[in-house]
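Reading through the structure tokens given below for one structure.
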Amino acid sequence: MTVRLFSVPAPVRASFRVLEHAAPAIGARWAERIWFTLPRPRDTPAARPGLPAPGDPFAVEVDGHQVVGEAWGAGPVVYLMHGWAGRREHLAPFVPPLVAAGHRVVAFDAPSHGRSAPGRYGARSSSIPEFVAALAGVVARHGPAHAVIAHSMGATAAAVALCDGLPVGRVALLAPMASPASYARQFAAVLNLGERTHRRLVARIERRVGAPMHHFDVPLLGRGATVPPALIVHDRDDASTPVADGEAIAAAWTGARLHVTSGLGHRRLLRDPAVVAEVVDFVRR
């Protein structure tokens with residue numbers, strides 16, 4: 001399956017090919033900037049009908065940057081974590097049924113996302129470690145995580161957080177990305193990076209995030225840690241993160257349950273009533 005990352009103009013691809021031979025270090029620096037830059041929002045979820053009434057707003061300081069969110073209800077806490085270029089409203093369909101089931105629901109925007117402040121490298125730039133730190137900071141404010149429901153790269157970050165020691169009772173990973181290293185290969189192909197530029201790009205990414213790529217490999221992490229009960233939901237028509245990623249995580253995580261859907265894609269998965277009901281039932285159990 002070919003994953004649709006983004007479109008790249010032909011002159012940009014040609015420039016990277018020239019830089020591969022003439023100045024791969026410059027090409028890697030340019031590619032690094034693209035890697036960490038958020039695309040502009042494609043929708044305005046706050047304008048969608050059917051969103052829950054506003055919750056209790058909060059703000060926490062995480063590594064010197066303000067992370068904002070809101071909370072609803074009372075009871076064991078369930079955390080909602082959006083994906084790359086997302087925002088907390090994308091998981092709003094989960095709020096009413098979770099509150100009705102007796103949970104406190106906490107949703108937040110990661111650094112440089114939604115209404116949270118820019119992260120360490122400024123507006124429209126973030127990383128998996130910033131997502132991980134934001135989740136840990138919000139959990140420290142609101143209490144132990146009965147469950148985490150996370151989407152896309154947010155699911156990757158949630159998996160990293162719990163494998164790094166964040167106590168989580170159970171986790172639902174929706175359209176999770178399994179491996180940034182695999183994504184980097186696809187990213188290199190889209191930009192037309194040669195091998196010399198690609199190697200330097202990986203080194204620059206690892207230097208910025210302060211860890212090797214394999215530290216964020218979700219199947220590998222699950223093999224080396226005791227993981228909580230996990231539900232993985234992935235759509236076979238997901239054009240952003242292939243269903244093979246969800247399958248790889250489910251195969252590596254002891255006791256994980258995989259549910260494969262069809263026709264929902266990457267984000268409609270979050271609004272599908274059957275998916276919402278299944279995830280809420282998993283959290284209640």
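Because only heavy atoms are used, hydrogens play no part in the values below, and waters and symmetry mates are left out as well, while side chains stay in.
- A tilted orientation is assigned to the rings of H266 and H151, their planes being inclined by 30° to 60°.
- H113 and H82 have their aromatic ring centers within a separation under 6.0 angstrom.
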Please determine whether side chain to side chain contact (heavy atoms under 4.5 Å, CB included) holds for the pair F16 and I34, giving the CA-CA distance in whole Å, both sets of side-chain angles, and the decisive distance to 0.1 Å. CA-CA 12 Å; F16 275 114; I34 297 171; 4.1 Å; yes
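- We find that D281 and R285 are joined by a salt bridge, their nearest charged nitrogen and carboxylate oxygen being less than 4.0 Å apart.
- More than 12 heavy atoms of other shown residues, nucleotides or ligands fall within 6.0 angstrom of atom CZ in R17.
- Remark: E130 does not engage R120 in a salt bridge, criterion side-chain N to carboxylate O under 4.0 Å.
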Would R204 and W35 count as a side chain to side chain contact (heavy atoms under 4.5 Å, CB included) here? Give the steps.
CA-CA 11 Å; R204 294 185 70 92; W35 173 276; over 6 Å; no
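- Grouping the Ile, Leu, Val, Met, Phe, Trp and Tyr side chains by contacts below 4.5 angstrom, directly or via other members, places L258 apart from F282.
- Side chains of S116 and H65: a donor-acceptor N/O pair is absent below 3.5 angstrom, by distance only.
- With 3.5 Å as the limit, one finds no donor-acceptor pair spanning the side chains of R124 and T37.
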Note to self: As a quick check of understanding, evaluate side chain to side chain contact (heavy atoms under 4.5 Å, CB included) for V67 and V138, giving each step before the final call.
What the structure shows: CA-CA 8 Å; V67 170; V138 172; 4.1 Å; yes
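- Comment: R257 engages E278 in a salt bridge, judged by a side-chain N to carboxylate O separation of less than 4.0 angstrom.
- Listed by chain and number, the residues in a side-chain contact (heavy atoms from CB on, under 4.5 Å) with V99 are W72, V95, V105 (sequence neighbours excluded).
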Item checked: Stepwise side chain to side chain contact (heavy atoms under 4.5 Å, CB included) test for E247 and H234 -> CA-CA 8 Å; E247 292 170 341; H234 218 126; over 6 Å; no
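- The only option from D238, D235, D272, D237 that meets the side-chain hydrogen bond (donor to acceptor under 3.5 Å, both in side chains) definition with T261 turns out to be D235.
- Contact record, R13 with N192: O-ND2, 3.2 Å, taken as the closest heavy-atom pair.
- Salt bridge annotation for E195-R185: present, with a cationic side-chain nitrogen under 4.0 angstrom from a carboxylate oxygen.
- Residue D164 places its CG atom among more than 12 non-hydrogen atoms of other residues, nucleotides or ligands, all under 6.0 Å distant.
- A cation-pi arrangement is present between R208 and F36 under the rule of less than 6.0 angstrom and at most 45 degrees off the ring axis.
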